[in-house]
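Let me begin by presenting the structure, written as structure tokens, before commenting on it.
Throughout, numbering of the chain's residues begins at 1 and tracks the sequence.
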Amino acid sequence: MQSLFAGVCACVVTALAATFLSEHYGAPAMLMALLLGMALHFLIEDERAKPGIEFCAKRLLRIGVALLGARISFEMVEALGATVVAMLIAAIIATIVFGIVAARLLGRRFRFGVLTGGAVAICGASAAMAIAAVLPARPGPNGKAEAERALLFTVLSVTILSTIAMIGYPLIVSALDLDDVAAGIFIGGTIHDVAQVVGAGFSISPEAGETATLVKLIRVTMLAPFVLIIALAVKRFGPADVEAGERSPLIPMFVLGFFSLAALNSFGLIPELVAAYLEAASRWALVTAIVAVGIKTSLRSILDVGGQAVALIVLETAFIAGFVLLALELMV
């Protein structure tokens with residue numbers, strides 16, 4: 001435990017700074033955590049700090065994702081209606097498949113297509129970190145570094161694209177003359193991160209904001225089952241260079257934790273105050289984990305990802321937006 005102290009303290013203090021900047025200047029907390037973490041890249045070379053940083057980037061990340069289940073309930077799914085839920089599931093599947101196919105066409109690996117497609121389709125940075133936890137690294141000395149670089153690029157990209165969407169999507173809603181419910185479904189079904197969904201939705205109207213938030217939380221609900229499906233699919237159908245890497249457990253413990261907390265919350269077994277504390281703990285764990293991922297990766301390595309990667313994640317973002325708009329048109 002003592003060996004973790006220095007690195008964990010560095011990550012926690014940096015997460016506090018990122019949260020302060022986010023609350024006082026309106027910037028996304030995940031983006032601030034990434035940038036501050038990358039500025040402290042030199043810490044990963046310090047043997048005193050390295051174990052704690054590794055702990056935050058892996059174990060604390062999984063804990064944060066598991067705790068997300070405390071704010072999920074089956075009532076959310078029921079309140080939205082079967083048609084909208086089916087549309088969201090179809091959008092998630094279609095976007096992940098599109099990401100895999102487009103990644104191949106752009107010369108990227110299967111792993112990268114799943115990672116970016118899942119992050120765009122489900123819930124942004126949280127999904128990226130959860131999916132990365134079950135995707136084994138490519139074998140070889142550079143496999144882990146490549147996987148960490150891909151994760152950091154994905155988190156950074158979905159955060160920036162979410163911020164752009166928060167500004168741009170209400171203009172699209174206005175141009176298409178969508179009503180408040182349809183606008184909320186579009187905003188909640190397409191923007192990657194929760195904070196930007198809330199910002200965009202309530203900038204349209206209170207009803208649009210409430211609908212967007214509910215739709216977004218339904219997408220968050222999909223995180224655990226889709227991560228489980230991805231883990232099983234990689235084991236069964238993954239390409240040789242992925243299959244030969246490190247193997248994750250058949251059912252990751254953090255996925256079981258997510259499901260367990262969601263079930264307890266659905267049956268009213270988690271008091272409201274406890275659920276609020278668990279949600280706050282989840283948020284802090286994820287911000288601290290992304291600081292650690294940022295510390296482990298240099299800015300130069302992010303730039304090495306290449307133009308095809310940028311094109312891929314932009315195309316995935318455009319694809320899910322187009323898919324949801326088309327579905328809304330067909331549902332009318």
Side-chain angles (χ1 to χ4, degrees), residues 28 30-31 34 38 88 90-138 142-166 168-169 172 189-193 196 219 222-223 226-227 229-231 233-234 237-243 245 290 293-294 297-326:
M30 287 292 186
L31 180 59
L34 273 174
M38 290 163 63
L88 291 174
I92 291 171
I93 294 171
T95 304
I96 293 174
V97 171
F98 175 83
I100 294 169
V101 173
R104 287 297 195 186
L105 293 175
L106 291 170
R108 309 299 303 192
R109 295 183 181 276
F110 167 87
R111 185 189 196 282
F112 194 74
V114 173
L115 179 64
T116 56
V120 167
I122 305 173
C123 55
S126 300
M129 292 188 285
I131 292 168
V134 299
L135 285 177
R138 182 172 59 87
N142 297 322
K144 287 187 177 181
E146 180 184 295
E148 289 166 359
R149 183 166 62 243
L151 172 59
L152 189 57
F153 167 81
T154 303
V155 172
L156 181 62
S157 298
V158 295
T159 304
I160 292 172
L161 288 171
S162 290
T163 304
I164 294 171
M166 180 178 66
Y169 283 11
I172 294 175
T190 56
I191 296 180
H192 312 322
D193 288 322
Q196 285 84 343
R219 287 171 71 197
M222 306 296 176
L223 177 60
F226 272 92
V227 168
I229 291 168
I230 288 168
V234 166
F237 303 109
D241 65 338
V242 173
E243 190 71 20
I290 206 60
V293 173
T297 310
S298 67
L299 178 60
R300 181 177 298 176
S301 68
I302 293 296
L303 298 176
D304 288 343
V305 172
Q308 300 101 325
V310 176
L312 174 62
I313 204 160
V314 170
L315 286 172
E316 290 165 344
T317 299
F319 177 85
I320 194 170
F323 187 101
V324 172
L325 281 175
L326 179 60

Tell me the closest heavy-atom pair linking [X] and [Y], and the distance in Å.
| X | Y | answer |
| --- | --- | --- |
| Phe323 | Ala94 | CE1-CB, 3.7 Å |
| Gly113 | Ala103 | CA-CB, 3.6 Å |
| Leu88 | Arg219 | CD2-CG, 4.4 Å |

Just distance, no hydrogens or angles: give the donor-acceptor pairs under 3.5 Å from side chains in residues 309-320, sequence neighbours left out.
unit_1	atom_1	unit_2	atom_2	d
Glu316	OE1	Thr116	OG1	3.2
Glu316	OE2	Thr116	OG1	2.9
Glu316	OE2	Gly117	N	3.4
Thr317	OG1	His192	NE2	3.2
Thr317	OG1	Ile313	O	2.9

### Task
Kindly determine whether Phe226 and Ile96 satisfy side chain to side chain contact (heavy atoms under 4.5 Å, CB included), including the steps that lead there.
CA-CA 10 Å; Phe226 272 92; Ile96 293 174; 4.1 Å; yes

Quick one: pull up [atom1] in [X] and [atom2] in [Y] and give me the separation to the nearest 0.5 Å.
| X | Y | atom1 | atom2 | answer |
| --- | --- | --- | --- | --- |
| Leu161 | Thr190 | CG | OG1 | 11.5 Å |
| Thr159 | Ile290 | OG1 | CD1 | 7.5 Å |
| Leu115 | Ile100 | CG | CD1 | 11.0 Å |

### Pairing residues for Ile229 by the side-chain contact (heavy atoms from CB on, under 4.5 Å) criterion, not counting sequence neighbours
none

### Query
Within 45° of the ring axis of Phe112 and under 6.0 Å from its six-membered ring centre, is that where the NZ or CZ of Arg109 lies?
no

Check residues 120-132 and write down every donor-acceptor pair under 3.5 Å in which the side-chain atom is one partner and the other belongs to a residue at least two apart or another chain.
none

